[in-house]
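Bear in mind the structure is a predicted one, so any value in this text is a computation, not a measurement. Order of the sequence lines fixes the chain letters, A, B, ..., with proteins taken first and strands second; residue numbering starts at 1 for each chain.
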Amino acid sequence: MPAIRLPDGSVRSYPTPITGAELAQDIGAGLAKAALAVRIDGQLRDLNSAIDHDAEVSIITKDSPEGLEILRHSTAHLLAQAVKQLFPDVQVTIGPVIDNGFYYDFAAPKPFTPEDLEAITARMRALVEADLPVTREVVSRDEAIARFGAMGEHYKVEIIRDIPAEQELSLYHQGDFVDLCRGPHVPRTGVLGAFALRSVAGAYWRGDSRNPMLQRIYGTAWATQKELDAFLQQQAEAERRDHRRIGTELELFSIQEDAGGGLVFWHPQGARVRRVIEDFWRAAHTEAGYEMLFTPHIAHEQLWFTSGHKDFYAESMFDPMQDEGQPYQLKPMNCPFHILVYKSKLRSYRDLPIRWAELGTVYRHELSGALHGLMRVRGFTQDDAHIFCRPDQIEAEIAGVLVLTRKILRTFGFERYEINLSTRPEGSVGSDAIWETATAALTAALQHAGLDYQVDEGGGAFYGPKIDLKIEDAIGRKWQCSTIQLDFNLPERFAMEYVAEDGRRAVPIMIHRAIFGSVERFFGVLIEHYEGKFPFWLAPTQVVVAPISELHADYAEAVAHQLQAEGLRVETDLRSEKIGYKIRAHTLRRVPFLAVVGEREKGNGSVSLRDRDGRDLGSLPVATLGQILRRLDTQRQQGLELA
RNA sequence: GCCGGCAUAGCUCAGCAGGUAGAGCAGCUGAUUUGUAAUCAGAAGGUCACGGGUUCAAUUCCUGUUGCCGGCACCA
């Protein structure tokens, strides 16, 4: 005689065991219709599982996160059912829920084509239409193996063999389809519907590149068609922001087949932006007590044996080149060079902390399949810096890095971060004492800065703990850029030292840190973050002066010169085109301001100003415009408001 | 690196059961002298990614390479 307590605190008693579906029906017809599953004493179960004891029960609908997950999982099963019907010789493997959707991996003799996806989608819709009941069956391990073995589902058999013996095995049936699954699932296929298959791709069995490659079909599923449409629209939005497309359109950069993949060419418009970014970076670092270094791009291979890169990082390095019988190595990192500068003379404890920064271009042999626009390249410039300090200075230095990092990121409009503190992993170098000191210092610095962070236990590098920072862009995507890493390894390997207060030699602590990470990648993130609409201070071309007709060309040039004299990046558009044409052209280029000059403006020394969002900012004297724009530029304002 | 797809003018894309190609935009020339998101006209622009093969004939079919796209794996 179960007494059931509902989430609102009310209790319902029933004379006999009752299923989740019956309970929902008893509460209300609307709920019964929306119900997908039940939670019984915290356990998610199928809707038609029986409740035979006193319990806390809630009905799960697709409006809850759990409900949506079940919906997606059941849609993955629906996909598998459709595939099995259309391609009987395909074996099923796994079909989990992921962010925004699901996938299902199949061992298919022939890869799926886009046309196959359409056919599969159509079959899925038919199966929804058929409204098949979804039922659960508990089976013994031997029986499960026998059944899937008989069906020729060898991957399933392998999965079953790996499931711990004590765990109950359940099968889910819907029509002719049966799958091994923990569940829970929706009660009927008819409740599914707001889904779309998105792509097909290869994926290794069990994620191991030594295993055979399976065919993975990705899909997305939502509670309502409206949410599905919104999601697809958001995907389209992300596509519109694609830095590769915008980069070509705005002539910011290119990657040339003739030169090779992953090697970036900065065109004049992109190079202007980079220059502004780098100038700002240098100024901010100088202000924060850093000195700038320049170091070579190659060095004797031996240096990389000393650093350990040849042992631990060889796969990511280009092969050495020979010169006069000596092997030279293109650098994948800057740190050994900064260490050599440190070691060029004896250092005192009084010299510490030493902060050295370099926009250092490095080359890494990324696998060809990993390359992606500016986000993953083979040659890139790190905004690198190394701090050498005493153990007692760690906390203050980390705090300083955090302040500088936030200051710089905020200037680009990044205010929200996700921060991870990664602690000591297995098999790491360095003493217990130094790991404790360092980890405590990192923690203290984060706490004093009032920053929220998550601890990734054992997620540190073998050479030291680290803080990683992900920035959130304008449409909520997260990008890993900044990193602060302590290093107990390299100072030992290079036998770095300083003379301590007591006259003994001590080993300095080394901190690696980057704020942008890679200038190329950060630029790519900026393009997507701004959708190519750079704030005024970053815009490659800040103003275009466009005359109404040739009669005003001289005046337009005079205005442009005057603004250039203020240090602004100005162009004129003297083409024999109507003003509407020029407006359209420069608006599409995302130039922040267009200064239109005609008879009126020429007459009174003004311009008619308009911004790229189509706002008419009225008429302004040229001198006033110069002042206003100068201020926008130096203040690095995000928006284009003139006030 | 692996699986699949793709590669045609500067860009976006048509086309070709095998008979050496076409549009829009951009660029160029000319006309127009323009008032807030596309003025008109003309000419030009291609080793159909690159190499090999099949064929009387290859941009088209086969094959290798390179690059790109979507994933996977990788990113101490």
Q: Provide the distance between the two P atoms, one in B:U65 and one in B:G5, to the nearest whole Å.
A: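 After rounding to an integer number of Å, I get 15 Å for this pair.
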Q: Given the P atoms of B:G22 and B:C3, what is the spacing between them in whole Å?
A: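 Between the two P atoms, the distance is 39 Å.
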Q: How far, in whole Å, is B:C28 from B:G64 if one measures between their C1' atoms?
A: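 So the two C1' atoms sit 40 Å from each other.
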Q: For B:G27 versus B:U66, give the span between their C1' atoms, rounded off to a whole number of Å.
A: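 That atom pair is separated by 29 Å.
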Q: Give A:S549 one of three labels, base, sugar-phosphate or nothing, depending on what nucleic acid heavy atoms sit under 4.0 Å from its own.
A: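 A:S549: base contact, heavy atoms under 4.0 Å.
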Q: Would you say a side-chain N or O of A:S576 is under 4.0 Å from OP1 or OP2 of B:U32?
A: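 Checking B:U32 against A:S576, no side-chain N or O comes under 4.0 Å of OP1 or OP2.
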Q: Can a cation-pi geometry be assigned to A:K331 and A:F337, taking NZ or CZ under 6.0 Å from the six-membered ring centre and within 45° of the ring axis?
A: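 Yes, cation above the ring, under 6.0 Å and within 45°.
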Q: When all nucleic acid strands are considered with a 4.0 Å heavy-atom cut-off, which category describes A:M317: base, sugar-phosphate, or nothing?
A: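 No contact.
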Q: Using whole Å, report how far CG of A:D311 lies from C1' of B:A76.
A: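 It is 11 Å, rounded to the nearest whole Å.
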Q: Any donor-acceptor pair under 3.5 Å linking the side-chain atoms of A:T361 with those of A:T381?
A: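 Present: a donor and an acceptor within the cut-off.
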Q: Closer than 4.0 Å, any side-chain N/O of A:R610 to the OP1 or OP2 of B:G35?
A: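 Checking A:R610 against B:G35: no side-chain N or O falls below 4.0 Å of OP1 or OP2.
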Q: Counting only heavy atoms not in A:E251, do more than 12 sit closer than 6.0 Å to its CD atom?
A: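 Counting other residues, nucleotides and ligands, CD of A:E251 stays at 12 neighbours or fewer.
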Q: I'd like the P distance from B:C50 over to B:A31, given in whole Å.
A: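 Result for the P pair: 39 Å, nearest Å.
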Q: Does A:E158 CD have over 12 foreign heavy atoms under 6.0 Å away?
A: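 More than 12 within 6.0 Å, yes.
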Q: Determine: side-chain N/O of A:Y581 to OP1/OP2 of B:U36, distance under 4.0 Å, yes or no.
A: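 No.
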Q: For nucleotides B:G70 and B:G51, find the distance between their P atoms and express it as a whole number of Å.
A: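 That atom pair is separated by 28 Å.
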Q: Does B:C40 pair with anything, Watson-Crick or G-U wobble, both distances under 3.5 Å, and if so, with which nucleotide?
A: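 Across all strands, the one nucleotide that pairs with B:C40 is B:G30.
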Q: Is there a Watson-Crick or G-U wobble partner for B:U60 with both distances under 3.5 Å, and which nucleotide is it?
A: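 Looking at the geometry, B:U60 pairs with no nucleotide.
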Q: Can you tell me, in whole Å, how much space there is between the P of B:C72 and that of B:C62?
A: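 Between the two P atoms, the distance is 29 Å.
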Q: Tell me what A:G369 touches on the nucleic acid: a base, only sugar-phosphate, or nothing, going by heavy atoms under 4.0 Å.
A: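 Base, at least one base heavy atom under 4.0 Å.
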Q: Identify whether any heavy atom of A:L588 sits under 4.0 Å from a base atom; if not, whether one sits that close to sugar-phosphate; answer base, sugar-phosphate or nothing.
A: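 Base, at least one base heavy atom under 4.0 Å.
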Q: In the strands shown, is B:G24 matched to any nucleotide by a Watson-Crick or G-U wobble pair with both distances under 3.5 Å, and which?
A: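 For B:G24, the partner nucleotide comes out as B:C11, under the 3.5 Å rule.
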Q: Counting only Watson-Crick or G-U wobble pairs whose two distances fall under 3.5 Å, which nucleotide matches B:G1?
A: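 Check on B:G1: paired to B:C72, both distances under 3.5 Å.
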Q: Identify the heavy atoms of A:D89 and A:P109 that sit nearest to each other, and give their distance.
A: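 Heavy-atom minimum between the residues: OD2-CG, 3.5 Å.
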Q: Does A:R575 make a side-chain N or O approach to OP1 or OP2 of B:G27 shorter than 4.0 Å?
A: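 Checking B:G27 against A:R575, a side-chain N or O does come within under 4.0 Å of OP1 or OP2.
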Q: Under 4.0 Å, counting only non-hydrogen atoms across every strand here, what does A:I583 touch: a base, just sugar-phosphate, or nothing?
A: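 A:I583: base contact, heavy atoms under 4.0 Å.
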Q: Please report the C-alpha distance between A:D242 and A:R240 in whole Å, then the side-chain angles of each, then the deciding distance to 0.1 Å, and finally whether the salt bridge (Lys or Arg N to Asp or Glu O under 4.0 Å) criterion is met.
A: CA-CA 6 Å; A:D242 193 316; A:R240 266 199 302 285; over 6 Å; no
Q: Any side-chain donor paired with an acceptor under 3.5 Å for A:Y530 and A:R241?
A: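 No, no side-chain donor-acceptor contact under 3.5 Å.
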Q: For B:G46, give the paired nucleotide (Watson-Crick: N1-N3 plus N6-O4 or O6-N4; G-U: N1-O2 and O6-N3; both under 3.5 Å), or none.
A: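 Base-paired to nothing in any strand shown.
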Q: Taking B:G18 as the reference, what is the distance to B:C13 when you measure between their P atoms (whole Å, please)?
A: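 Per the computed distance, 26 Å lies between those P atoms.
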Q: Strictly below 4.0 Å: does A:R589 bring a side-chain N or O up to OP1 or OP2 of B:A26?
A: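 Checking A:R589 against B:A26: no side-chain N or O falls below 4.0 Å of OP1 or OP2.
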Q: So does A:H586 get a side-chain nitrogen or oxygen closer than 4.0 Å to the phosphate oxygens (OP1/OP2) of B:U36?
A: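 No.
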Q: Give A:G308 one of three labels, base, sugar-phosphate or nothing, depending on what nucleic acid heavy atoms sit under 4.0 Å from its own.
A: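 Since no nucleic acid heavy atom lies under 4.0 Å of A:G308, the category is nothing.
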Q: Under 4.0 angstrom, heavy atoms only, what part of the nucleic acid is A:F112 near: base, sugar-phosphate, or nothing?
A: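 Answer is nothing: A:F112 stays at 4.0 Å or more from every strand.
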